[in-house]
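This report refers to the structure that appears directly beneath it.
Each residue takes its place number in the sequence, starting with 1.
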Amino acid sequence: MLNLKSVFVIAILSASASVSADEITIDTKDIEATLTANLAESMELMQAQLTSELDTMLVTDEQKKNEEATAQVLLAD
């Protein structure tokens, strides 16, 4: 005859066996490769945007210097 402890042990063993059978192995190599590619693409885009913004800032700064130099020359005349 089965007692309460035996029923409890059988229930736990069957539950753990079904959990083990339901586990899915995930291959993380594909995920890692995708994330690495996306990260590299994003970093290249950020670098391009930063370079563009720095170029714009340098051109603006150079134009201001030229305007100030022109204003000083006009005042000197």
Contacts table for residues 55-67: side-chain donor-acceptor under 3.5 angstrom, sequence neighbours left out:
residue	atom	partner	partner atom	Å
Thr56	OG1	Ser52	O	3.0
Thr60	OG1	Thr56	O	2.8

Exercise. Mind checking the CG-CG spacing from Asp30 to Leu35? Nearest 0.5 Å is all I need.
Key: 11.0 Å

Quiz item: Just wondering, more than 12 heavy atoms not from Glu41 lying within 6.0 Å of its CD?
Solution: no

Quiz item: Are side-chain heavy atoms of Leu50 and Met46 found at a separation under 4.5 Å?
Solution: no

Quiz item: Between CD of Glu68 and OG1 of Thr70, what distance do you get to the nearest 0.5 Å?
Solution: 10.0 Å

Self-check item: Residues that, via side-chain heavy atoms closer than 4.5 angstrom, fall in one hydrophobic cluster with Leu45
Solution: none

